[in-house]
Student: 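Supplied in structure tokens, the structure appears directly below.
What you see is a predicted model; the values in this text were computed from it and never measured. Chain A is the first sequence line, chain B the second, and so forth, proteins listed ahead of strands; every chain is numbered from 1.
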2 protein chains.
Amino acid sequence: MIKVLIAEDQAMIRGALAALLAIEDDIEVVAQVDRGDGVVEAAVKANPDVALLDIEMPGQDGITAAAELRKRLPSCRVLILTVFGRPGYLRRAVDAGISGFLLKDAPPDQLAAAIRRTARGERVVDSQLALAALSEGSSPLTPRERDVLAMSTRGASVEEIARSLRLTNGTVRNHLSIAIQKLNARNRTEAARIAEEKGWL
Amino acid sequence: MIKVLIAEDQAMIRGALAALLAIEDDIEVVAQVDRGDGVVEAAVKANPDVALLDIEMPGQDGITAAAELRKRLPSCRVLILTVFGRPGYLRRAVDAGISGFLLKDAPPDQLAAAIRRTARGERVVDSQLALAALSEGSSPLTPRERDVLAMSTRGASVEEIARSLRLTNGTVRNHLSIAIQKLNARNRTEAARIAEEKGWL
DNA sequence: CTCTGGGCATGACCGATGTCACGCCCGTCG
DNA sequence: CGACGGGCGTGACATCGGTCATGCCCAGAG
């Protein structure tokens, strides 16, 4: 019997996934969590073989949760299940020591299959996505450029960003300008969009 | 036996929802669709009692699909199931003649309950969301302002918008300026974000 | 130790943006 | 009919935003 933990913020989806897994005779859902920062605690209690984690969750994102989980409970393998096929996500997830990366676009029967393979110690990654991650490469942005760009996504002005990061007006504009060039964008808005799409935010 | 059609673009979620409904003795999933513009066709063939529609789908959004479905197959009631609790969505959905509006945040057991109530002809709407929709009011933007703002979401410049809509540079800036004021934003980026969050896009 | 690259900053330049004051045309509503 | 509001336009103005040249400081690589 494979013991599974499910972490997913949308209750309906969480329940539906549990129902999907309940069909399988060799899989048992032993814990359900609705936020990223509750994953480790629940896992320590329930001691699952596989943790099925969403990426975008309140409290803590699934990738960070995965990294912590690997440290605290190395016996538990991690399978990421997410909507977003962003190359940057895959890369970070692999760095965090995950065993598998599955998209919510994939056929439903692949979920049980992926869990079984993960439990056996195999690695499960969508080949399309893996290729994309390799071809995209990792983020060209320096940490500071990333910070500045991230703040501009919500429509913050240069001054607001500068104040918030304790920088000068000019420095912020320089960082933004460089980020815009690196991403082949026409302005900060487009640059932010591109970075977000690739998972570099 | 209540016959249900499921329209949801993410295969895994679609399958999981089907599994969730398969547990219920009085509910039968008679059709599954993965895009908005396939809903009517599938519904005419399968003649379901309730159509469970996601909003964000390729081809056509669920609200538009709902409106068409009401015309072509009035016997089929529509239940919207979506992640986004945007007041504007609810308002438009109600205008499209839907019978229920459910969030993916809701507890899983509410899905079957909502389907039964919808089939019986009752209206099912999250009360929190209904309140929000009432208090938000409808979009303050004129159609033209909406168009212009929508184009700026992806980082288009004034000239690009103007060319695309066959308007003058100045007119576009006027529309944007007014939209920014109406939404209490500091710039177009923030205005676009606000409008999107409220479902006014 | 020197070279290199990231982070930070200044100052200048020009084009893009946001605001304002007008005016014109048209459909609708009282 | 006359007032009103939406869509469209112009011109002007002040600020913001994107780019460039240049320099300083510091840590890590060679």
Student: Counting neighbours of CD on B:E41 that are heavy atoms of other residues, nucleotides or ligands and sit closer than 6.0 Å, is the number greater than 12?
Tutor: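 For B:E41, atom CD is not crowded (no more than 12 foreign heavy atoms under 6.0 Å).
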
Student: Go through the steps to decide whether B:S177 and B:N174 satisfy the test side chain to side chain donor-acceptor pair (under 3.5 Å), and finish with yes or no.
Tutor: CA-CA 5 Å; B:S177 180; B:N174 283 339; over 6 Å; no

Student: Once each nucleotide of nucleotides 5-21 of chain D is scored for protein heavy atoms under 4.0 Å, what B/S/- sequence comes out, 5' to 3'?
Tutor: -SSSBB------BBBB-

Student: Checking B:R92 against B:Y89: charged group under 6.0 Å from the ring centre and within 45 degrees of the axis?
Tutor: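 The answer is no; the distance or angle limit is not met.
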
Student: Taking all atoms of both residues into account, what is the closest heavy-atom pair of A:A106 and B:A11, and its distance?
Tutor: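 Closest approach of A:A106 to B:A11: O-CB, 3.4 Å.
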
Student: Check this for me: does any side-chain nitrogen of one of A:R117 and A:E122 sit under 4.0 Å from a carboxylate oxygen of the other?
Tutor: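 Judged by the 4.0 Å cut-off on N to carboxylate O distance, A:R117 and A:E122 do form a salt bridge.
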
Student: Would you kindly give the CG-to-P distance between A:L149 and C:dG7, to the nearest whole Å?
Tutor: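 It is 13 Å, rounded to the nearest whole Å.
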
Student: Let me know the distance between CG of B:N184 and P of C:dG18, rounded to the nearest Å.
Tutor: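 Interatomic distance, CG of B:N184 to P of C:dG18: 15 Å.
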
Student: In degrees rounded to 10°, what angle is found between the helical axes fit to the five outermost pairs at each end of the helix from C:dC1-D:dG30 to C:dG30-D:dC1?
Tutor: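 Helix axis angle between the two ends: 30°.
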
Student: Between A:R86 and A:E196, does a salt bridge (Lys or Arg N to Asp or Glu O under 4.0 Å) hold up when you go through it step by step?
Tutor: CA-CA 9 Å; A:R86 296 179 181 161; A:E196 190 151 47; 5.3 Å; no

Student: Check the side chains of A:Q60 and A:E68 for a donor-acceptor pair under 3.5 angstrom, ignoring hydrogens and angles.
Tutor: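 Yes.
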
Student: Working to the nearest 0.5 angstrom, can you tell me the gap between A:I98 CD1 and A:I80 CD1?
Tutor: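 Reported to 0.5 Å precision, the distance equals 6.0 Å.
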
